[in-house]
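This report concerns only the one structure given below.
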Amino acid sequence: MGLIEVASSIKSMEIRGAGLIARSAAEALKQQALDYKGDDLGELRRRLDDGRRQLIASRPTAISLWNAVQATMRGSSSAESADELRSLVATNADSFVERSSKAVGMIGRIGSKRLRSGMTVLTHCNSKAALGVIKTAHADGKDIKVYATESRPWRQGLLTVKDLAAAGVPTTLIIDSAVRWIMKEIDVVLVGADTICSNGALINKIGTSQVALAADEARVPFIVCAKTYKFSPKTVHGEMVEIEERDASEIIDPRLLPPKVMVKNPVFDATPAEYIDSIVTEIGLISPYAAYEVIVKELGQESIFEANEE
Ligand code: RI2
């Protein structure tokens, strides 16, 4: 699949999940570099810059995509030949994908220590990181039950229940509006992340903030499972995270609506840090208020500088 097809598949959500879209973007840039067999450094730079823009534009909210592209292109300005640039991009992409894949395992091991046998977990949408924590605890012999929300309109919850059922984890599907009703039976909430802001706020699938609200009211710990490349250097500069809105047809066939009735389809929302118990990352379990330090330490000043250049 070429870069244009990858960008199109990310935009259409054939490729979805903040972690997977990041890895796919890194691989697409690597392929773009390797597919150019010429020795014109300027032409290769142009192709990669064009590919970078197309990938970043494909889904505006998940900072994982931007962080992946930046990590893959880092140091490219110093390349003095097309061969050097090709090799640099390929090495950076491989390193990002390897780190990303290992991070899910690390998060699973760290996060599973917060799950005790007999616990009932609620999860929203379909997060590889959050499911990794649940499946690790289950594999360690802990008796964990899960409630998974349907996560309208894309119904990613169906992917979650299939994944957990395949792993042998007892799972119950509920509709999104049943969250506050079921919260009395929940011991802990585990969700993924699309973007974590420098003030600790979480940008995640629409409905996450309502889950957090219900958990806070019931005094149920709300834990976010997120790789460090989900943290946003752009928010260090005060930037607001763009909340992607998708087509009305994902919610309802517009022909079923009376004329002039509008449909709004935001696919992410924001959960303030005060509703978050902790964030499990591959470098450890942190307070949401440590987000700025994670951005500086793990993504680095270079990433913060690049974010300011955008
Ligand atoms: P992992 C998904 O977004 C969900 O919002 C999920 O919480 C997030 O990506 C994190 O995914 P979408 O692609 O990286 O379904 O934990 O819109 O898999």
Side-chain angles (χ1 to χ4, degrees), residues 6-26 55-56 58-68 71 96-97 99-108 110-112 121-136 146 148-164 167 176 179 189-197 201-212 222-232 241-247 250-251 265-271 276 279-282:
V6 170
S8 172
S9 297
I10 292 172
K11 184 174 179 59
S12 67
M13 291 182 63
E14 287 168 62
I15 298 175
R16 56 147 298 278
L20 180 58
I21 68 175
R23 293 187 290 275
S24 303
L55 289 165
I56 287 174
S58 59
R59 290 201 76 191
T61 302
I63 196 66
S64 56
L65 185 49
W66 186 86
N67 279 328
F96 178 86
V97 169
R99 281 201 327 269
S100 167
S101 302
K102 280 183 182 169
V104 175
M106 286 297 290
I107 289 170
I110 295 169
S112 66
V121 175
L122 174 80
T123 192
H124 183 59
C125 197
N126 178 243
S127 159
K128 284 188 176 15
L131 296 191
V133 169
I134 295 166
K135 292 192 280 188
T136 301
V146 175
T149 62
E150 179 188 18
S151 306
R152 288 260 305 142
W154 267 78
R155 312 182 77 193
Q156 289 95 329
L158 299 184
L159 297 172
T160 292
V161 298
K162 284 176 189 164
D163 191 345
L164 292 176
D176 300 331
V179 160
V189 173
L190 289 178
V191 295
D194 289 89
T195 293
I196 292 173
C197 305
L202 165 69
I203 310 296
N204 197 48
K205 186 53 55 211
I206 190 78
T208 300
S209 60
Q210 286 175 186
V211 172
F222 182 90
I223 297 179
V224 180
C225 307
K227 291 141 272 190
T228 52
Y229 61 79
K230 302 293 187 73
F231 288 67
S232 170
V241 178
E242 180 185 340
I243 299 294
E244 180 186 2
E245 295 201 31
R246 295 180 67 90
D247 195 80
E250 293 183 356
I251 291 179
N265 180 17
V267 294
F268 298 105
D269 65 16
T271 301
I276 300 171
I279 302 175
V280 183
T281 75
E282 71 274 26

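Order of listing sets the numbers, starting from 1, for every ligand and every atom in it.
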Worksheet entry | Partners meeting side-chain contact (heavy atoms from CB on, under 4.5 Å) with D269 (sequence neighbours left out) |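 Per chain and number, D269 pairs via side-chain contact (heavy atoms from CB on, under 4.5 Å) with I206, T208, S209, T271.
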Discussion item. Distance under 4.0 Å, heavy atoms only, partner ligand 1: which residues pass?
Written reply: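 Answer by chain and number: M13, R16, G17, A18, G19, R59, C125, N126, S127, K128, A129, Q156, G192, A193, D194, N204, K205, K227, K230, F268.
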Worksheet item: Just wondering, do S151 and N126 contact through their side chains at under 4.5 Å, heavy atoms?
Response: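 Sidechains of S151 and N126: no contact.
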Worksheet item: Are any of the side-chain heavy atoms of F231 and T281 separated by less than 4.5 Å?
Response: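 Sidechains of T281 and F231: in contact.
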Item to complete: Start with the C-alpha gap between D163 and K128, add the side-chain angles, then the distance that decides, and say whether salt bridge (Lys or Arg N to Asp or Glu O under 4.0 Å) holds.
Response: CA-CA 10 Å; D163 191 345; K128 284 188 176 15; over 6 Å; no
Discussion item. Please find the pair of heavy atoms, one from R152 and one from D176, that lie closest to each other, and give the distance.
Written reply: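 Nearest pair, atom of R152 first, then D176: N-OD2, 2.8 Å.
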Worksheet item: Does the pair K102/E282 count as a salt bridge with the N-to-O cut at 4.0 Å?
Response: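 Here K102 does not pair with E282 in a salt bridge, since their nearest N and O are not under 4.0 Å apart.
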